Amino acid sequence: MTNYSKSQTFWLVTLRMLVGWHFLYEGLVKVLNPQWTSFGYLIDSKGWLSSCFVSMANNAATLSVANFLNEWGLVCIGLGLIAGCLMRVASVAGMVLLGFYYLSHCPFIGATYMMPSEGSYLWIDKNLIEMAALGVLLVFPTSRVFGLDRYIFKVKEKR
């Protein structure tokens, strides 16, 4: 258990739920749209690893794997965060996924992308901010206070 105050617990759980909802919603939108593909996003990459992302887009098998992992990764991460189930795994997986998004579409000065951005923040964008939020949740886990991990790890500790 943790020694968080009620307000600390409330705000950490609220942050976990909001980030979880964002992941879950983004994943469901993709899963429920049979026309969705990450092709446009990958081919539009101008980040540090753009050649890798463009290669993924141009290879049908790799693109299919990327689509599947993106869709279901978002859904599973979102559900894990909302339910407080394997929250540390969900937090790390979310940070990795957001890291890929950031590396693909870095908010560099002068970089223009097909999809409209929410502004130019000079290296900082919503992906980096949400990655930092997941880092906070990783080091201040609340799932053993409010979540399924409370029951999962209680059973595990009894064994």
Side-chain angles (χ1 to χ4, degrees), residues 8-143 146-149:
Q8 288 171 322
T9 301
F10 172 80
W11 286 110
L12 287 167
V13 170
T14 300
L15 179 63
R16 192 182 88 207
M17 296 293 179
L18 294 173
V19 173
W21 172 254
H22 182 232
F23 272 82
L24 179 61
Y25 178 80
E26 288 292 329
L28 289 175
V29 165
K30 291 165 178 53
V31 167
L32 296 174
N33 179 357
Q35 306 304 312
W36 181 85
T37 177
S38 60
F39 177 83
Y41 189 81
L42 293 170
I43 204 76
D44 191 37
S45 175
K46 292 178 180 65
W48 291 305
L49 301 176
S50 63
S51 61
C52 176
F53 293 116
V54 170
S55 293
M56 290 170 65
N58 287 320
N59 180 304
T62 306
L63 180 63
S64 178
V65 169
N67 288 341
F68 178 83
L69 291 175
N70 195 29
E71 294 167 343
W72 290 104
L74 287 165
V75 169
C76 291
I77 292 164
L79 287 173
L81 291 170
I82 291 170
C85 183
L86 302 175
M87 193 190 100
R88 289 182 187 250
V89 172
S91 295
V92 170
M95 290 171 75
V96 168
L97 190 58
L98 289 167
F100 283 131
Y101 294 164
Y102 183 84
L103 291 172
S104 175
H105 284 70
C106 299
F108 293 145
I109 295 173
T112 56
Y113 298 103
M114 288 188 297
M115 297 296 291
S117 67
E118 297 166 350
S120 177
Y121 303 108
L122 189 58
W123 306 303
I124 308 298
D125 67 1
K126 67 180 180 183
N127 293 320
L128 196 59
I129 294 168
E130 199 165 37
M131 191 181 344
L134 285 172
V136 168
L137 294 173
L138 182 64
V139 298
F140 293 102
T142 57
S143 60
F146 184 78
L148 294 178
D149 283 350

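Treat the numbers as computed from the prediction; the structure is a model and nothing was measured.
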Report summary line: Here the gap from Leu128 atom CG to Met95 atom CE, rounded to the nearest 0.5 Å, amounts to 10.0 Å
Report task. Would you mind reporting whether Leu63 and Ser38 have side-chain heavy atoms less than 4.5 Å apart? Result -> yes
Query - Inter-residue atom distance Leu28.CG - Asn33.CG, 0.5 Å rounding - result: 12.0 Å
Requested in this report: Determine whether more than 12 heavy atoms belonging to other residues, nucleotides or ligands lie under 6.0 Å from atom CZ of Phe140.
Outcome: no
Requested in this report: Give the C-alpha distance, both sets of side-chain angles, the deciding distance and a yes or no for side chain to side chain contact (heavy atoms under 4.5 Å, CB included) between Leu69 and Leu97.
Outcome: CA-CA 10 Å; Leu69 291 175; Leu97 190 58; over 6 Å; no
Query raised in the report: Just wondering, do Phe39 and Asn58 contact through their side chains at under 4.5 Å, heavy atoms?
Result: yes
Query raised in the report: What are the two closest heavy atoms between Ser91 and Leu137, and how far apart are they?
Result: OG-CB, 4.2 Å
Report task. Looking only at non-hydrogen atoms, find the nearest pair between Pro141 and Arg88 and report the distance. Result -> CG-NH2, 3.0 Å
Query raised in the report: With a 4.5 Å heavy-atom cut-off, do Leu24 and Leu74 have their side chains touching?
Result: no
Report task. Check Ser143 against Gly84 and note the closest heavy-atom contact, atom names and distance. Result -> CB-O, 3.3 Å
Query raised in the report: Which word best sums up how the rings of Phe100 and Phe53 line up, parallel for under 30°, tilted for 30 to 60°, or perpendicular for over 60°?
Result: perpendicular
Requested in this report: Give a yes or no answer on whether the side chain of Thr62 reaches the backbone of Met56 with a donor-acceptor pair at less than 3.5 Å.
Outcome: no
Query raised in the report: Where is the tightest heavy-atom contact between Gly40 and Ile43, given as atom of each residue plus distance?
Result: O-CG2, 3.4 Å
Query - Leu134 vs Met131 side-chain heavy atoms within contact, under 4.5 Å - result: no
**Report entry** Other residues, nucleotides, ligands: >12 heavy atoms within 6.0 Å of Trp36 CH2
**Finding:** yes
Give every donor-acceptor pair under 3.5 Å between a side-chain atom in residues 13-22 and any protein atom, sequence neighbours left out.
unit_1, atom_1, unit_2, atom_2, d
Thr14, OG1, Phe10, O, 2.7
Arg16, NE, Leu81, O, 2.6
Arg16, NH1, Thr142, OG1, 2.7
Arg16, NH1, Phe146, O, 2.9
Arg16, NH2, Phe146, O, 2.9
His22, ND1, Glu130, OE1, 3.1
His22, ND1, Glu130, OE2, 2.9

Query raised in the report: Between the main-chain N or O of His105 and the side-chain N or O of Tyr41, is there a donor-acceptor pair closer than 3.5 Å?
Result: no
**Report entry** Check: Thr37 and Leu42 side chains under 4.5 Å, non-hydrogen atoms
**Finding:** no
Query - Donor-acceptor contact present, side-chain Tyr102 to main-chain Trp123, <3.5 Å - result: yes
